[in-house]
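Shown next, in structure tokens, is the structure this report addresses.
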Amino acid sequence: FQKATEADPRNAPSWQAWAVMEKENRNFDRARELFQKATEVDTRNAQSWQAWALMESQNGDRKAAKALLERGLKSVCNQKDRSYLLSTMGGLIARQRDYDQAIQCYAEALKLDEPNPMTHYHFAVDCLLPAMKREEACQHLRRALQLRPRKKRDLERIQQALEKSCNQIS
């Protein structure tokens with residue numbers, strides 16, 4: 001990764017990939033430095049903001065994770081990328097059991113990119129089901145299935161959630 005970033009220091013995905021590798025090796029301080037570089041090189045790269053926020057959340061610093069997602073939302077203009085960050089924010093907030101705020105994030109994400117099956121899935125599984133809104137969750141799971149996710153693994157996750165939570169065999 002070092003050679004890639006030396007060859008093209010403006011390539012945010014290279015910095016991000018290096019940061020993810022450092023995170024996987026539990027070199028969190030180095031990963032933060034590299035995520036910082038990725039977000040400096042391209043402030044509009046939603047994937048870098050999201051990956052950095054998830055690392056902080058996984059390390060127990062949800063406040064830092066939320067702040068990173070908010071910074072990303074201020075920088076990112078593309079609707080699908082904003083939806084991606086809002087969906088991540090919704091999941092983060094739902095894990096804190098603030099379902100009303102999480103619902104707002106997911107609703108805004110879906111306004112920006114309604115045909116994203118995985119936003120519907122995560123909204124249902126991470127927010128609506130724990131908030132005891134089963135019928136609404138099932139509607140989102142059925143919509144996710146209808147939208148036909150590209151990855152087989154995602155399709156299977158949606159089908160399993162429908163079977164488990166909505167008594168629907170797909």
Side-chain angles (χ1 to χ4, degrees), residues 16 19-20 23-24 26 28 31-32 35 38-39 43-170:
Q16 177 192 333
V20 169
K23 179 195 89 162
E24 295 302 319
R26 307 192 58 76
F28 300 114
R32 281 183 193 94
F35 279 127
T39 58
T43 60
R44 296 171 294 164
N45 186 311
Q47 291 75 21
S48 294
W49 290 109
Q50 190 245 16
W52 189 3
L54 288 177
M55 180 188 81
E56 297 300 352
S57 177
Q58 291 161 354
N59 283 326
D61 194 346
R62 290 195 174 108
K63 186 176 179 180
K66 186 176 178 189
L68 287 164
L69 291 169
E70 288 169 347
R71 283 176 55 197
L73 284 165
K74 288 178 183 174
S75 301
V76 172
C77 300
N78 178 284
Q79 281 192 293
K80 286 186 179 189
D81 288 344
R82 289 183 60 75
S83 175
Y84 182 66
L85 293 176
L86 284 162
S87 180
T88 303
M89 178 85 79
L92 178 73
I93 293 168
R95 283 189 287 286
Q96 296 171 329
R97 294 186 172 86
D98 184 351
Y99 299 118
D100 290 337
Q101 189 179 1
I103 287 169
Q104 289 177 356
C105 287
Y106 279 114
E108 194 173 339
L110 287 169
K111 281 182 193 173
L112 296 172
D113 188 17
E114 192 281 332
N116 184 324
M118 296 315 292
T119 300
H120 285 280
Y121 168 81
H122 286 291
F123 186 20
V125 171
D126 298 339
C127 185
L128 295 171
L129 287 171
M132 310 303 272
K133 297 184 180 220
R134 185 175 171 272
E135 188 52 43
E136 189 177 352
C138 292
Q139 289 172 3
H140 282 279
L141 289 169
R142 285 190 286 274
R143 179 66 177 140
L145 184 64
Q146 181 184 41
L147 290 167
R148 304 222 180 265
R150 285 182 256 148
K151 296 179 184 172
K152 182 179 178 184
R153 175 181 52 101
D154 291 341
L155 177 61
E156 290 169 353
R157 289 167 69 191
I158 294 165
Q159 290 170 330
Q160 288 171 355
L162 274 164
E163 290 170 15
K164 178 181 177 186
S165 302
C166 306
N167 301 320
Q168 179 177 329
I169 298 174
S170 45

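Note: hydrogens, waters and symmetry copies are ignored here, and every other heavy atom, side chains too, is used. These numbers were taken from a predicted model, which means no experiment stands behind them. We number each residue from 1, following the sequence as shown.
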- Given the rule in the side-chain contact (heavy atoms from CB on, under 4.5 Å) test, do L69 and T88 qualify, once you have shown the distances and angles that lead to the verdict? CA-CA 8 Å; L69 291 169; T88 303; 3.9 Å; yes
- Task: List the atom of C105, the atom of L86, and the distance in Å for their closest heavy-atom pair.
- Result: CB-O, 3.6 Å
- Might you point out which heavy atoms bring R157 and H122 nearest each other, and give the distance in Å? NH2-CE1, 3.6 Å
- Got F28 and R26 here, is their nearest side-chain heavy-atom distance under 4.5 Å? yes
- Item | Criterion side-chain contact (heavy atoms from CB on, under 4.5 Å) on N116 and L147, from CA distance to verdict | CA-CA 7 Å; N116 184 324; L147 290 167; over 6 Å; no
- Tightest non-hydrogen contact, residues A19 and A31, listed as O-CB, 3.5 Å
- Message: Checking the side chain of W52 only, and the main-chain atoms of Q16 only, is there a donor and an acceptor separated by less than 3.5 Å?
- Response: no
- Task: State whether a side-chain donor-acceptor pair under 3.5 Å links E114 with H120.
- Result: yes
- Message: Quick test of your reading: applying salt bridge (charged side-chain N to carboxylate O under 4.0 Å, His left out), list the pairs with at least one residue in residues 60-73, sequence neighbours left out, ordered by first then second residue.
- Response: none
- Look at atom CZ of R134 and say whether more than 12 heavy atoms of other residues, nucleotides or ligands are closer to it than 6.0 Å. yes
- List in chain and number order the residues that pass ring-ring contact (aromatic ring centres under 6.0 Å, His included) with Y106, two or more places apart in sequence or in another chain; answer none if no residue qualifies. F123
- Report yes if the side chains of R32 and N59 come closer than 4.5 Å at any heavy-atom pair, otherwise no. yes
- State which residues pass side chain to side chain donor-acceptor pair (under 3.5 Å) with Q146; sequence neighbours excluded, sorted by chain then number. R143
- Min side-chain heavy-atom separation L141-C166 under 4.5 Å: yes
- Query: So, the side chain of T43 versus the backbone of T39: is there a donor-acceptor pair under 3.5 Å, distance only?
  - Reply: no
- Any idea which heavy atoms bring S48 and A38 closest together, and the distance? OG-CB, 3.6 Å
- Query: How about I103 and C127: do any of their side-chain heavy atoms sit closer than 4.5 Å?
  - Reply: yes
- Item | Side-chain touch R44/N78, heavy atoms, less than 4.5 angstrom | no
- Message: Quick check for you: to the nearest 0.5 Å, what is the distance between Q160 atom CD and L162 atom CG?
- Response: 10.5 Å
- Backbone N or O of L73 within a donor-acceptor pair of the R82 side chain at under 3.5 Å? yes
- Once you round to the nearest 0.5 Å, how far does CG of L54 lie from NZ of K23? 7.0 Å
Could you go through residues 92-101 and list every donor-acceptor pair under 3.5 Å that involves a side-chain atom there, pairing it with any protein atom two or more places apart or in another chain?
unit_1, atom_1, unit_2, atom_2, d
R95, NH1, G91, O, 3.3
D98, OD1, Q101, N, 3.3

- Item | Set of residues satisfying side chain to side chain donor-acceptor pair (under 3.5 Å) with respect to Y121, sequence neighbours excluded | none
- Item | L155 vs L145 side-chain heavy atoms within contact, under 4.5 Å | yes
- Message: I need the S87 OG to D113 CG distance, nearest 0.5 Å.
- Response: 9.5 Å
- Message: If the condition is salt bridge (charged side-chain N to carboxylate O under 4.0 Å, His left out), which residues does E24 pass it with, not counting sequence neighbours?
- Response: none
- Approximate separation, where rounding is to 0.5 Å, of S165 OG and L129 CG: 4.5 Å
- Message: Quick one, L68 and Q50 - any side-chain contact, counting heavy atoms below 4.5 Å?
- Response: no
- Note on the structure: For A53 and A65 the tightest heavy-atom approach is O-CB, 3.2 Å
- Query: Atom CD in E135, atom SG in C138: separation rounded to 0.5 Å?
  - Reply: 5.5 Å
- Task: Determine whether V76 and L85 make a side-chain contact, defined as any pair of heavy atoms from C-beta on separated by less than 4.5 Å.
- Result: yes
